[in-house]
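Every heavy atom of this structure was used, including side-chain atoms; hydrogens, water molecules and symmetry mates were not. Lettering follows sequence order; numbering is per chain, from 1.
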Protein chains: 2
Amino acid sequence: MIIHIFPPMEPDPDTFFAALAHPLRLRALLLLQGEGELCVCELTHALDVSQPMISRHLAQLRQAGVVSDRRRGQWVYYRLHEHLPDWARQVLAATLSGVAGQVPYADDSAALANMPNRPATACCA
Amino acid sequence: MIIHIFPPMEPDPDTFFAALAHPLRLRALLLLQGEGELCVCELTHALDVSQPMISRHLAQLRQAGVVSDRRRGQWVYYRLHEHLPDWARQVLAATLSGVAGQVPYADDSAALANMPNRPATACCA
DNA sequence: ACAATATATATGATCATCCATATATTTCCG
DNA sequence: CGGAAATATATGGATGATCATATATATTGT
């Protein structure tokens with residue numbers, strides 16, 4: 001009898017690239033790659049989409065094993081998954097360094113930086 | 001008046017990752033990354049799919065600007081597009097080095113190596 | 001004519017989005 | 001303290017769009 005507590009499954013290449021293949025998900029992942037950790041409301045603001053919409057795509061990324069989440073009071077923070085294989089991290093790093101200055105990625109970072117009432121992460125995590 | 005002869009358009013990140021997001025296209029691209037140049041019949045054999053199917057996916061990759069083709073007599077050879085940006089090449093290189101030993105990618109390379117009557121590319125290109 | 005490759009069409013499957021709603025957590029106030 | 005309101009996040013269902021495959025047909029080169 002095999003008990004699956006929780007396989008820390010890392011995504012296979014198909015799953016990983018399917019996760020990157022949506023414009024909104026790619027924008028979110030490149031933000032996470034640059035910022036480390038962001039909550040849903042920050043992503044909603046930076047990407048300028050409805051909260052249910054980003055929540056759905058984050059759920060897809062979570063199910064794909066690309067991101068992990070942690071609850072901190074009323075906020076849920078997302079980050080790149082700890083078990084993401086090295087080649088996948090290299091893919092994201094190469095992409096970010098290649099396109100960081102272009103639209104819409106640069107604007108996303110700017111919108112995040114300009115967000116008012118941003119929940120503090122650095123001070124009390 | 002703007003004349004578009006043929007913009008050597010390089011794929012934007014969305015287009016590029018959408019191209020990688022299909023299992024068959026990813027397998028084909030990783031083969032091309034490793035082999036340099038392959039004709040349709042070689043890809044058909046290595047990936048074990050019907051010719052119309054691989055042809056259709058190659059057409060998508062061509063339209064996306066990820067591969068280019070050249071006709072050589074009765075064969076059409078595909079390769080990674082010359083104008084593919086550097087970050088995109090890094091993405092493919094990182095992926096290949098990360099997954100080359102796994103299924104189905106290792107089997108694809110083996111099937112290609114075992115292909116009989118393979119049209120010569122090195123000698124007469 | 002034959003072999004290699006490409007495209008057109010049809011069909012079943014999957015996906016993205018929207019709206020409404022559900023759950024969880026904190027704050028405010030009596 | 002206790003309960004309602006507010007904020008943050010997640011999900012279910014419906015719908016329209018897109019995609020993958022198969023079959024058939026066309027085109028190109030020897």
Side-chain angles (χ1 to χ4, degrees), chain A residues 14-29 31-32 37-64 66-79 112 115-121 124-125, chain B residues 14-29 32 37-64 66-79 104 112 115-121 124-125:
Chain A
D14 293 340
T15 304
F16 178 67
F17 285 118
L20 302 209
H22 191 282
L24 196 56
R25 290 197 295 268
L26 182 60
R27 289 164 64 197
L29 284 173
L31 271 183
L32 289 175
E37 199 175 45
L38 293 171
C39 75
V40 178
C41 63
E42 288 173 312
L43 288 165
T44 302
H45 185 278
L47 303 175
D48 192 31
V49 291
S50 73
Q51 180 273 321
M53 191 159 157
I54 192 66
S55 185
R56 276 193 180 284
H57 286 289
L58 287 171
Q60 286 185 244
L61 292 173
R62 191 188 338 119
Q63 286 160 22
V66 179
V67 302
S68 63
D69 63 318
R70 92 186 153 98
R71 178 143 222 154
R72 188 77 187 175
Q74 114 193 96
W75 293 284
V76 175
Y77 289 94
Y78 284 85
R79 80 186 96 181
L112 177 62
M115 177 179 177
N117 294 19
R118 203 169 151 195
T121 53
C124 52
Chain B
D14 292 339
T15 303
F16 178 67
F17 286 117
L20 301 210
H22 191 282
L24 195 56
R25 290 197 295 268
L26 181 60
R27 289 165 65 198
L29 285 173
L32 289 175
E37 198 175 45
L38 293 170
C39 76
V40 178
C41 64
E42 289 173 311
L43 288 165
T44 301
H45 185 277
L47 303 176
D48 191 30
V49 292
S50 72
Q51 182 275 321
M53 191 159 153
I54 192 65
S55 185
R56 175 164 242 217
H57 285 290
L58 287 171
Q60 284 185 246
L61 291 173
R62 191 185 341 115
Q63 285 160 22
V66 179
V67 302
S68 63
D69 63 317
R70 92 186 154 99
R71 177 145 223 150
R72 188 77 186 176
Q74 116 192 96
W75 293 283
V76 176
Y77 288 94
Y78 284 85
R79 79 186 99 177
L112 178 61
M115 177 178 177
N117 296 17
R118 202 169 151 194
T121 53
C124 50

For this session: For B:Glu42 and B:Leu112, work out which heavy atoms get closest and say how close.
Result: CB-CD1, 3.9 Å
For this session: Write down the distance between CG (B:Leu61) and C1' (C:dT5), rounded to a whole number of angstrom.
Result: 16 Å
Exercise. Of all the choices, C:dA6, C:dT5, D:dT9, which nucleotide is nearest to the side chain of B:Tyr78 once you look at every atom?
Worked result: C:dA6
For this session: Considering just the side-chain nitrogens and oxygens of A:Tyr77, establish if one lies under 4.0 Å of OP1 or OP2 belonging to D:dA8.
Result: no
Problem set entry | Atom pair distance, as rounded to whole Å: NE2 in B:His45 and P in C:dA4 | 13 Å
Exercise. Under the side chain to side chain contact (heavy atoms under 4.5 Å, CB included) test, which residues partner A:Gln60, sequence neighbours left out?
Worked result: A:Arg25, A:His57
Exercise. To the nearest 0.5 Å, what is the distance between CG (B:Leu38) and CG (B:Leu43)?
Worked result: 5.0 Å
Check nucleotides 17-20 of chain C against the protein and report each pair of N or O atoms closer than 3.5 Å, with its distance, or say if there are none.
| unit_1 | atom_1 | unit_2 | atom_2 | d |
| --- | --- | --- | --- | --- |
| C:dT17 | OP2 | A:His22 | NE2 | 3.3 |
| C:dT17 | OP2 | A:His57 | NE2 | 2.9 |
| C:dC18 | N4 | A:Arg56 | NE | 3.0 |

Problem set entry | All side chain to side chain contact (heavy atoms under 4.5 Å, CB included) counterparts of A:Asp14, not counting sequence neighbours | A:Asp12, B:Pro23, B:Leu26, B:Tyr105
Exercise. Rounded to the nearest Å, what distance is computed from the CG atom of residue B:Asp14 to the P atom of nucleotide C:dA16?
Worked result: 13 Å
Exercise. A:Asp69 has an atom CG; how far is it from atom P of C:dA24, in whole Å?
Worked result: 15 Å
Exercise. Side chain of B:Thr44, backbone of B:Val40: donor and acceptor closer than 3.5 Å?
Worked result: yes
For this session: Give the nucleotide from the list C:dT7, D:dT9, C:dT5 with an atom nearest to the side chain of A:Trp75.
Result: D:dT9
For this session: Could you list the residues that satisfy side chain to side chain donor-acceptor pair (under 3.5 Å) with A:Arg62, not counting sequence neighbours?
Result: A:Tyr78
Problem set entry | Separation of atom CG in B:Leu43 from atom C1' in C:dA4, rounded to whole Å | 13 Å
Problem set entry | Per B:Val76 side chain, nearest of listed nucleotides D:dT11, C:dT5, D:dT9 | C:dT5
Exercise. Rounding to a whole Å, what distance do you find between A:Leu58:CG and D:dT11:C1'?
Worked result: 14 Å
For this session: Show your reasoning for whether side-chain contact (heavy atoms from CB on, under 4.5 Å) applies to B:Val76 and B:Arg70.
Result: CA-CA 6 Å; B:Val76 176; B:Arg70 92 186 154 99; over 6 Å; no
Exercise. Who passes side chain to side chain donor-acceptor pair (under 3.5 Å) against A:Ser50, sequence neighbours left out?
Worked result: none
Can you tabulate the close N/O pairs, meaning under 3.5 Å, that link protein atoms to atoms of nucleotides 25-30 of chain D?
none

Problem set entry | Nearest-Å distance for atom pair CZ/C1', residues A:Arg25 and C:dA16 | 9 Å
Exercise. Rounded to whole angstroms, how far apart are CD on B:Gln51 and C1' on D:dT21?
Worked result: 14 Å
Seminar exercise, completed: Minimal heavy-atom distance between B:Val67 and B:Leu58, with the atoms involved, is CG2-O, 4.2 Å
